[in-house]
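Here the structure is laid out as structure tokens; the discussion comes afterwards.
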Amino acid sequence: MANAGPPVSLYNTLTRRVEPLVTSEPGHVRMYVCGVTVYDLAHVGHGRMLLVFDVLARFLEWVGQRVTYVRNVTDVEDKIIHRAADAGETAAALADRMTLAFFDDMRGLGCRTPDVEPRATEHVPEMVELISRLEERGIAYRIDGDVYFNVPSFPPYGKLSNRRLEDLQAGARVEVAEQKRHPSDFVLWKGAKPGEPTWESPFGPGRPGWHIECSAMSTRYLGQPFDLHGGGEDLIFPHHENEIAQSEAASGELFARHWVHVAFLRLGEEKMSKSLGNIVTIRAALQAHSREALRLGLLQTHYRSPLEFTTVLLEEAQRTLVRLYDTLARIDATGAGASEAKDSEDAAACRAEFREALADDLNTPRALAALHDAVRAANRLLDANRTPEAVAVGAAMRDCGGVLGILQGDPEATLACWRSSRAAQAGLSDAEIQERIERRRAARTARDFKAADAIRQELADAGIDLKDSPDGTTTWTLRRG
RNA sequence: GGCGGCGUACCCAAGUGGCUAAGGGGAAGGUCUGCAAAACCUUUAUUCGCGAGUUCGAUUCUCGCCGCCGCCUCCA
């Protein structure tokens, strides 16, 4: 934990500035993140967004805040209904299946479980109540079983996305449902259609519109106003704009104080998106790369900058992790326990710089630099036989790494695991490699360096580097990169 | 058409109105080693898309241009 330091600041989409995170209750952050619509597997773009908020929640706790983290699951929506119909299953069955898959992916990514993960279908009464209130206030109106939100009756509309109603009309490319009073009006309640999930309501049978669920569920669990609302940047308009309109028009109170949006992940030159079909699912990424490499790769770029998802990115992250774990393993190998740690300038600098970087609009690349500095410091201390100080630096690395969700494994075990899995990819088993190491050892003992080097070369061709230690033992690593 | 973002070395990527433009990868040299690997040390952008302006001074502020991306429609 690291209490001392500057206040945590974040870019606020509402004010378009980086500003300190102010909470209703000092020391307690209530945050709501728009999760996913469960009609298909989550992809790495979702992963990036979810990871950013995971790190934010961990960081806030690390600096001593209490965090209440709510992340919804949208389990009733047009796409789910259509997808399910195409596949010949019920919408509920598809949604359930994908919800479980999503939870599984979050576990795979190592994301902290939110305190509440509300599902839309379990909160319809709250939504109905909110719509009723809007209707009472004359802001919502009914047409043919649908209920719409009348945008012009909420003058601040557009304050989040910096848009004016006139501009929206001018640019509208979509043909407007002619029954709406205003082209920007959006649906709160969709009248029942045959074969679709349906709930009873004062406005007749039907199902909720998309935006209303977040308004209802966020305030249900966090009150109003709550402190932080987040999601992908594509949600700024219209989703979050509409949430604000619904909640503030219904209550007359501020909805959420701080709005945080994560930039897109791109695949090639384009946004990764299901409609474009250029998708890498989280589970596919986890099959090809370690969880920590995926996390680190996605955190190497600041969350407000677009990030291109490439193999090189993840290989570099993996290389970095091997370096970090190699150093931790070196520290462990000294046999010095935590009780022998002697606080050093380097350890303190690592913690302080790491904390300051993340407090400054969650600057993960800068925080990572602090970790790199710590690695070099630790290795230098080890080279100088200043073990107690190195142990302290190692502890700082693990401590900071925990905020990013990395470096929590046992170094030797983690490295061994990565070695085996990558050796397997290279078509060699641990035993086969061990056998070659043994033959080479024999050759070296006989000072037959030619034979020894031939074996080394053979392994090198498979991407395996050998490392001889002073005590005569030989270990191996997959060549970095 | 409206709104917004980005363009920093071979690659990834922070950052700042003026002190040496972080960090990582890669590359080169060195120490160590039988040779390597790892580690450590050194080197690798007189320069921050282009042009102009503001300023004593701009990569950082303003304007214009070029290029790329996103939102304006379901989308994390």
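Here is how names work: the chains are called A, B, and so on, in the same order as the sequence lines, proteins then strands, and each is numbered from 1. Note that these values count all heavy atoms, side chains included, but never hydrogens, waters or copies made by symmetry.
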Using the C1' atom on both, measure B:rC63 against B:rC72 and round to a whole Å.
26 Å
Contact class for A:H372 (heavy atom, under 4.0 Å): base, sugar-phosphate, or nothing?
sugar-phosphate
For the pair A:D468 and A:R440, evaluate side-chain contact (heavy atoms from CB on, under 4.5 Å) and give the outcome as yes or no after the intermediate values.
CA-CA 11 Å; A:D468 299 324; A:R440 177 167 166 277; 2.8 Å; yes
With the side chain of A:F237 defined as its heavy atoms from C-beta on, choose the nearest nucleotide among B:rC35, B:rC11, B:rC72.
B:rC72
Any N or O donor-acceptor pair linking the side chain of A:D234 to the base of B:rG70 at under 3.5 Å?
no
Just checking A:E458: does its CD atom have more than 12 heavy atoms from other residues, nucleotides or ligands closer to it than 6.0 angstrom?
yes
For B:rG2 and B:rU60, measure between their P atoms and round to the nearest Å.
25 Å
Indicate, with a heavy-atom threshold strictly under 4.0 Å, whether A:E308 touches base, sugar-phosphate, or nothing.
nothing
Please state how far atom CD in A:E241 lies from atom P in B:rC3, giving the value in whole angstrom units.
15 Å
Applying the ring-ring contact (aromatic ring centres under 6.0 Å, His included) test to A:H211, which of A:F237, A:Y148, A:F186 qualifies?
A:F186
Hey, does A:G47 reach any base, or is it just sugar-phosphate, or nothing, if we go heavy atoms under 4.0 Å?
nothing
Any strand is fair game: report the nucleotide pairing with B:rG4 by Watson-Crick or G-U wobble, both distances under 3.5 Å, or none.
B:rC69
By nearest nucleotide on RNA chain B, pick out whichever of A:V312 and A:Y303 is the more 5' one.
A:V312
Does B:rA36 have a Watson-Crick or wobble partner in any strand here, with both distances under 3.5 angstrom, and which is it?
none
Does A:R456 make a side-chain donor-acceptor contact with the base of B:rC35, cut-off 3.5 Å?
yes
Who is the Watson-Crick or G-U wobble partner of B:rA27, with both distances under 3.5 Å?
B:rU43
In whole Å, what is the span from the CD atom of A:E315 to the C1' atom of B:rA13?
18 Å
Using purine N1 to pyrimidine N3 plus N6-O4 or O6-N4 for Watson-Crick, or N1-O2 and O6-N3 for G-U wobble, each under 3.5 Å, what pairs with B:rC19?
none
Of A:R48 and A:N363, whose nearest nucleotide on RNA chain B comes first from the 5' end?
A:N363
Look at all strands and tell whether A:D78 reaches a base, only sugar-phosphate, or nothing, counting heavy atoms closer than 4.0 Å.
nothing
When the distance from CZ of A:R163 to P of B:rG1 is rounded to whole Å, what number comes out?
17 Å
Look at all strands and tell whether A:T37 reaches a base, only sugar-phosphate, or nothing, counting heavy atoms closer than 4.0 Å.
sugar-phosphate
Take the angle between the ring planes of A:W418 and A:Y325 and call it parallel below 30°, perpendicular above 60°, tilted in between.
perpendicular
Taking atom C1' in both B:rA37 and B:rC32, what distance in whole Å separates the two?
11 Å
Would you measure the distance from the C1' atom in B:rG1 across to the matching atom in B:rG15 and give it in whole Å?
36 Å
What does A:Q300 touch in the nucleic acid at a heavy-atom separation under 4.0 angstrom: a base, only the sugar-phosphate, or nothing?
sugar-phosphate
For B:rC61, give its Watson-Crick or G-U wobble partner with both distances under 3.5 Å, or none.
B:rG53
How would you label the contact of A:R376 with the nucleic acid (heavy atoms, under 4.0 Å): base, sugar-phosphate, or nothing?
sugar-phosphate
Applying the Watson-Crick and G-U wobble criteria at under 3.5 Å, what pairs with B:rC48? Answer none if nothing qualifies.
none
